[in-house]
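Encoded as structure tokens, the structure appears first; notes follow it.
Note that the structure is predicted; figures quoted are calculated from it, not measured. Every chain is numbered from 1, with letters handed out A, B, ... down the list of sequences.
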There are 2 protein chains.
Amino acid sequence: MSSPRERILERASILFHHQGYNSTGINQIISEANVAKASFYQHFKTKDDLCVTFLNRRHESWFNALSEFTSKSENAQEKILASFDFIMHMNEKENFRGCSFLNIMSEISKEQESILRVIQSHKNDLRVFFSQLIEDELLATHIYLLFESSIIESQLFESNEIVNKSKAIVKSII
Amino acid sequence: MSSPRERILERASILFHHQGYNSTGINQIISEANVAKASFYQHFKTKDDLCVTFLNRRHESWFNALSEFTSKSENAQEKILASFDFIMHMNEKENFRGCSFLNIMSEISKEQESILRVIQSHKNDLRVFFSQLIEDELLATHIYLLFESSIIESQLFESNEIVNKSKAIVKSII
DNA sequence: ATACATACATACAAGTCTGTCTATTTTTTT
DNA sequence: AAAAAAATAGACAGACTTGTATGTATGTAT
């Protein structure tokens, strides 16, 4: 069995993603992770601290998965289109729960700056990802915006239809 | 002084939009609206019921504001560009709180279907709004997607910069 | 063998939440 | 003016929240 800290993070990842941040309590996390409350607070100062750690880890794993998924494509154009396939792939895998980062953005207040910064930095990296594939800066932004709305809209309508439309649009502009 | 029901809705509108749905309790709403708790439950079956009513009213007022804002433009192209100005206008006015509908989507669970339906219907109407301005269906979707991500990204980075970039992109494709 | 770190269970504080209920007062309608 | 409807205050239930405190048990390193 993995360490308590690991078990907390594993459980929190699932619960935050499926139930939302505010709707998931510490008590549920520790009970499902089989960890004592005192142990929880030995590893994490506050719930927000856990959230930051969770987001940092998700940032890594998400980008790794994106890299891996798009690595099969040979040129930049193919990579961009594959990234939209990646959205569809993740939607199926995670039951259209959308983007953890954007979901949490909608849940937190302006005071929870440390969380907001992780989210901003994640999205910045995503913009960089597209910028590295496309010379034209405005076109990279264009793709980024379509990527973002593809996630949001497919979450809202629980369907990949709009992602496919978006992909068709992207194909026509690159 | 307006009726209790009206005062509840006025207060809830502000609080839901500024603090989020889950972070706003009934007690705060009624105390700030100067309404007794029993009166609240005379007008609204549950908190979710209040949420649905709030969203329906915001749907109306938001579209009225959009219509008014874009009514000055004479042709379809101008109207579309003006709708991006509308985002910026609302961002300034409401301190970059983003879209109430998308924010609440991120907060609710799959069980709260009645709320989800109002959100879906709101976004459907927005798609229709653009469809009526643009012959080409795929182009209308394209604009809609850029509109949506403009709201999200400006909320995240608390800046209208991305909306202006988005507007420039739109200008180049219509 | 002694010391240390880590994890354990669990009680507790102090507050939040939604929703129900009673009893009284005010307002509106007939 | 009398009857009906609406609104009031606020106690209450019961469950939830985050975070702290206390004391115990276990495993590892010196």
Q.
Please enumerate all residues that pass side-chain contact (heavy atoms from CB on, under 4.5 Å) together with A/Asp136, with sequence neighbours excluded.
A. A/Ile134, A/Leu138, A/Leu139

Q. Looking at A/Arg57 and A/Glu6, does any basic side-chain N land under 4.0 Å from a carboxylate oxygen?
A. yes

Q: Would you jot down, in residue-number order, the residues of residues 101-113 of chain A having a non-hydrogen atom under 4.0 Å from DNA chain D?
A: none

Q.
Whether the side chain of A/Ser23 engages the backbone of A/Gly20 through a donor-acceptor N/O pair (distance < 3.5 Å, no angle test) should be reported.
A. no

**Q.** Pairing pattern in dot-bracket form [Watson-Crick, G-U; both distances under 3.5 Å; | = partner strand] for DNA chain D
**A.** ||||||||||||||||||||||||||||||

Q | Under-4.0 Å side-chain N/O to phosphate OP1/OP2 contact, B/Arg7 with D/dT8 | A | yes

**Q.** Sidechain N-carboxylate O distance under 4.0 Å for B/Glu10, B/Arg5
**A.** no

Q. Under a criterion of less than 4.0 angstrom to any heavy atom of chain B, what are the 5'-terminal and 3'-terminal contacting nucleotides of DNA chain C?
A. C/dC17 to C/dC21

Q | Sugar-phosphate or base contact per nucleotide [nucleotides 11-29 of chain D; S, B, -; heavy atom under 4.0 Å] | A | ------BBBBB--------

Q | Phosphate OP1/OP2 of D/dA6: any B/His43 side-chain N/O under 4.0 Å | A | no

Q | Side-chain H-bond candidate by donor/acceptor type, B/Arg127 with B/Thr141, under 3.5 Å | A | yes

Q. Hey, is B/Glu74 close enough to B/Lys79 for a salt bridge, meaning N to O under 4.0 Å?
A. no

Q.
Give me the atom names and distance for the closest heavy-atom approach of A/Met88 to A/Val163.
A. CG-CG1, 3.5 Å

Q) So does A/Lys93 have more than 12 non-hydrogen atoms from other groups sitting under 6.0 Å from NZ? A) no

(Q) Check whether B/Ser39 reaches the backbone of B/Val35 with its side chain - one donor and one acceptor, N or O, closer than 3.5 Å. (A) no

Q.
Applying side chain to side chain donor-acceptor pair (under 3.5 Å), can you list everything that pairs with A/Glu68, at least two apart in sequence or on another chain?
A. none

Q. Under 6.0 Å from the CD atom of A/Glu94, do we count more than 12 heavy atoms belonging to anything else shown?
A. yes

Q. Do the non-hydrogen side-chain atoms of B/Asn160 and B/Phe84 ever get within less than 4.5 Å of each other?
A. no

Q: State whether A/Glu78 and A/Lys72 are salt-bridged, where the test is any N-O pair (Lys NZ or Arg NE/NH1/NH2 against Asp/Glu carboxylate O) under 4.0 Å.
A: no

